[in-house]
Amino acid sequence: MYWSRTLIPTSREAPTDADILSHKLMIRAGLIRRISAGVYDWLPLGWRSMQKINAIIRQEMNAVNAEEVHLPALLPAELWKQTGRYADYGALLFKLKDRKGTEMILGPTHEECVTELVKAYVSSHKQLPVTLYQIQTKFRDEARPRNGMLRVREFFMKDAYSFHSSLESLNQTYQDMYNAYVKIFQRCGIPAIPVEAESGPIGGDASHEFICPCEAGEDVIVRAVDNSWAANLERAGRGAPVPDFSAAPELPAAELAKIKTPDAAAVDDVCKFLNIQPTTMIKTMVFRLGDAQSGKWIVACVRGDHEINEAKIRRMAGPVELADEAAARAAGFVIGYVGPHIVNTINAELIIDPDALLIANATTGANESHWHVTNFNWKQHLSPNVLSKAIIADIRNVTAADKAPNGADLIFSKGIELGHVFKLGTKYSDALGATYSDDKQQTHSIIMGCYGIGPGRILVGALETLSDADGIRWPMAIAPFQVIITPIKYDGQAKEVADRLHKELSARGIDVLVDDRDQRPGVKFKDADLIGIPLRIVLGDKGLANGQVELKDRSKKEPEMVSLASIVEHVSKLVQA
RNA sequence: CGGGGCGUAGCUCAGCCUGGCUAGAGCGCCUGGUUUGGGACCAGGAAGUCGCAGGUUCGAAUCCUGUCGCCCCGACCA
């Protein structure tokens, strides 16, 4: 391709609304253009990279016997109502109606759709396992699109779905996919760490995320310093075992002492006011499981310096949400000043984090506005009935004071979620009635797995982790062009040579861009660095007079001189490498 | 959804507070010339519904009201 014939709108300045590095570079290098919040055009350069990423994904999916399909983005809402996800996704779903008034949605993912497909045609264990995948645009009406291509409303996603008649088969495919993911990210040339992950609203019981570590990322991951273990913060468990109730301190009976704490609801405020440490406080939060009528209250307690992990509470208690403040107040919870002993008088499930259990003579809310209590002890101040039903469980985020399962210290870092593999089980096949008959004519729900990758995020991850002050540095495998030919002046012998090299390299399957613009050399060099093509061949009069051209690796400081006679061979080798 | 900020030329922004000539600059773009190995220079030029609607006023980019769009922070740590 010739620069003058395509559309590569580079710019010296990034728009002010671009915040993170990858976003600035994507705009400046002319990869994308925003058309609306969280919706982007892919320009030729960006699209070339996306296609290369997708090609790698396809190859690795095909290699593990996954077969590509194309499913519609426009889906009947009814299908989603059957699995309950129409409600679960809520405002995140793009909803619309057709001319007849039928409710439709734009698919944010395709479990329902693909399960429906398999249900229609698969009925025997002999047809299983089967794995289908697709790469296409998905839609989510994000509350706040942000960070350029990182959180968008329309985006590409590769999602694969596997269907099985046994857990062994699911586990095998899960492992194949996991391995395929490792290969995909390696081939794309970007770092990706597999971490244990929460399966989230998608359901299921086991999952891993692949995280590209970088500051722009929205996820927090926890790793052992010796790399023996890594997990999403949502999922990361305390290294130490969970004790039972007998671990609570035994103390001589003491009265709860009320202390006035005017306007000090937050732990930090109380500590400042009373001059105590957060580690001596019990933080109590109220959650709600289910709706207003049939639901129940959940009271969760952690040590004052710890953060409650809602995902952990959900995992053990069901789909809880932080209580609506007004509703909780109406029920008698003095939000801001709740103490665990509230469960003596209000019927609620009590969940206690082990570290909160171990505090002796704790300070906590008095269940009365602007009052706290001290000398709180679990065994003394909870009624025996409540005490016998209380649950001790890990319900907090791990901290730097915790250890990995093998005892190693922990490192916390941010990262971009590139991909996610889940074992789904039968959530969707149950809901939609996707079943098979086994060899004894018994009917079972098909067991499923699902495996997603965000190709756009691979691109973002590459820019975030590999760029330098001059611009992008594409890994060879996903570079929009592998070679850029920069004639100092596109004229005379340089023009002849540029055209010939373009032809010869292209014939070898190499993607070549010739900068044929009538620009000063400085402009061409700056642009070449900005768009980050891995190899640059510079054609200057002096070199050509001696049968030499200059070869510059984007990631190296100095260029090398190569004879014109051998440049095609030389470059071909570098591209293949 | 809550809070904050911003919409003026393709891009970055000034002008607005305190209303008043024909709405400006830099980059980019077009023409001509000089240049040509790391974002050149000279001369000339094109390009703006000042987001949109309404209002106040003799007069609105500027003040008021509404509305749309965009960006940032927050949206569980009581």
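Computed over heavy atoms, backbone and side chain alike; hydrogens, waters and symmetry mates excluded.
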A:Arg33, CZ atom: more than 12 neighbouring heavy atoms under 6.0 Å: no
Watson-Crick or G-U wobble mate for B:U31, both contacts under 3.5 Å: B:A43
Any A:Thr16 side-chain N or O less than 4.0 Å from OP1/OP2 of B:C13: yes
Sugar-phosphate, base or nothing in reach of A:Arg28, heavy atoms under 4.0 Å: base
Short side-chain N/O contact to B:C73 OP1/OP2 from A:Arg144, under 4.0 Å: yes
Sugar-phosphate only, base, or nothing, as touched by A:Asn147 at under 4.0 Å among non-hydrogen atoms: sugar-phosphate
Residue A:Arg34, side-chain atoms from C-beta onward, closest of B:C70, B:G39, B:C77: B:C70
Plane angle bin for A:His420 and A:Phe422 - parallel if under 30°, tilted between 30 and 60°, otherwise perpendicular: parallel
Distance, rounded to the nearest Å, where A:Asp468 contributes CG and B:G38 contributes P: 18 Å
Protein-nucleotide distance (A:Asp515, atom CG; B:G39, atom P), rounded to Å: 15 Å
RNA chain B: 5'-proximal contact among A:Pro15 and A:Gly38 (nearest heavy atom): A:Pro15
Atom-pair distance (CD1 on A:Ile531; C1' on B:G39), nearest Å: 14 Å
Pairing partner of B:A25 (Watson-Crick or G-U wobble, both distances under 3.5 Å): B:U12
Rounded distance (Å) that lies between atom P of B:A75 and atom CD of A:Glu307: 11 Å
Lys/Arg cation over aromatic A:Tyr89: A:Lys95, 6.0 Å, 45° cone: no
Heavy-atom pair with the smallest gap, counting every atom of A:Phe481 and A:Ile533: O-CG2, 3.2 Å
Residue pair A:Leu43 / A:Pro9: nearest heavy atoms and the distance that separates them: CD2-CG, 3.6 Å
Base-pairing assignment for B:G74 (Watson-Crick or G-U wobble, both under 3.5 Å): B:C1
Integer angstrom distance from the P of B:U62 to that of B:U18: 14 Å
Paired nucleotide for B:U49 [Watson-Crick or G-U wobble; both distances under 3.5 Å]: none
Nucleotide of B:C73, B:U12, B:C76 approaching A:Met285 most closely (side-chain heavy atoms): B:C76
Most 5' of A:Ala37 and A:Lys552 on RNA chain B, judged by nearest nucleotide: A:Lys552
Euclidean distance, atom CG of residue A:Asp17 to atom C1' of B:G7 [Å, nearest integer]: 11 Å
Contact state string [nucleotides 26-37 of chain B, B base, S sugar-phosphate only, - no protein heavy atom under 4.0 Å]: BSS------BBB
Mutual orientation of the aromatic rings belonging to A:His341 and A:Phe376 [parallel < 30°, tilted 30-60°, perpendicular > 60°]: tilted
Minimum-distance nucleotide (side-chain atoms of A:Glu310 versus B:C72, B:C76, B:C77): B:C76
Between B:C73 (P) and A:Arg146 (CZ): distance, integer Å: 7 Å
B:A61 versus B:U67 - spacing of their P atoms, nearest Å: 22 Å
4.5 Å side-chain heavy-atom contact, A:Met281 and A:Cys271: yes
A:Lys526 side-chain proximity, nearest of B:G38, B:A75, B:C77: B:G38
Close aromatic pair by centroid cut-off 6.0 Å: A:Trp47 and A:Phe156: yes
Spacing between A:Arg151 atom CZ and B:C71 atom C1', to the nearest angstrom: 16 Å
Sugar-phosphate only, base, or nothing, as touched by A:Val267 at under 4.0 Å among non-hydrogen atoms: sugar-phosphate
For B:G7, the Watson-Crick or wobble partner whose two distances fall under 3.5 Å: B:C68
Interatomic distance, A:Lys524 NZ vs B:G38 P [rounded to whole Å]: 13 Å
A:Arg238 bridged to A:Asp394 by N-O distance under 4.0 Å: no
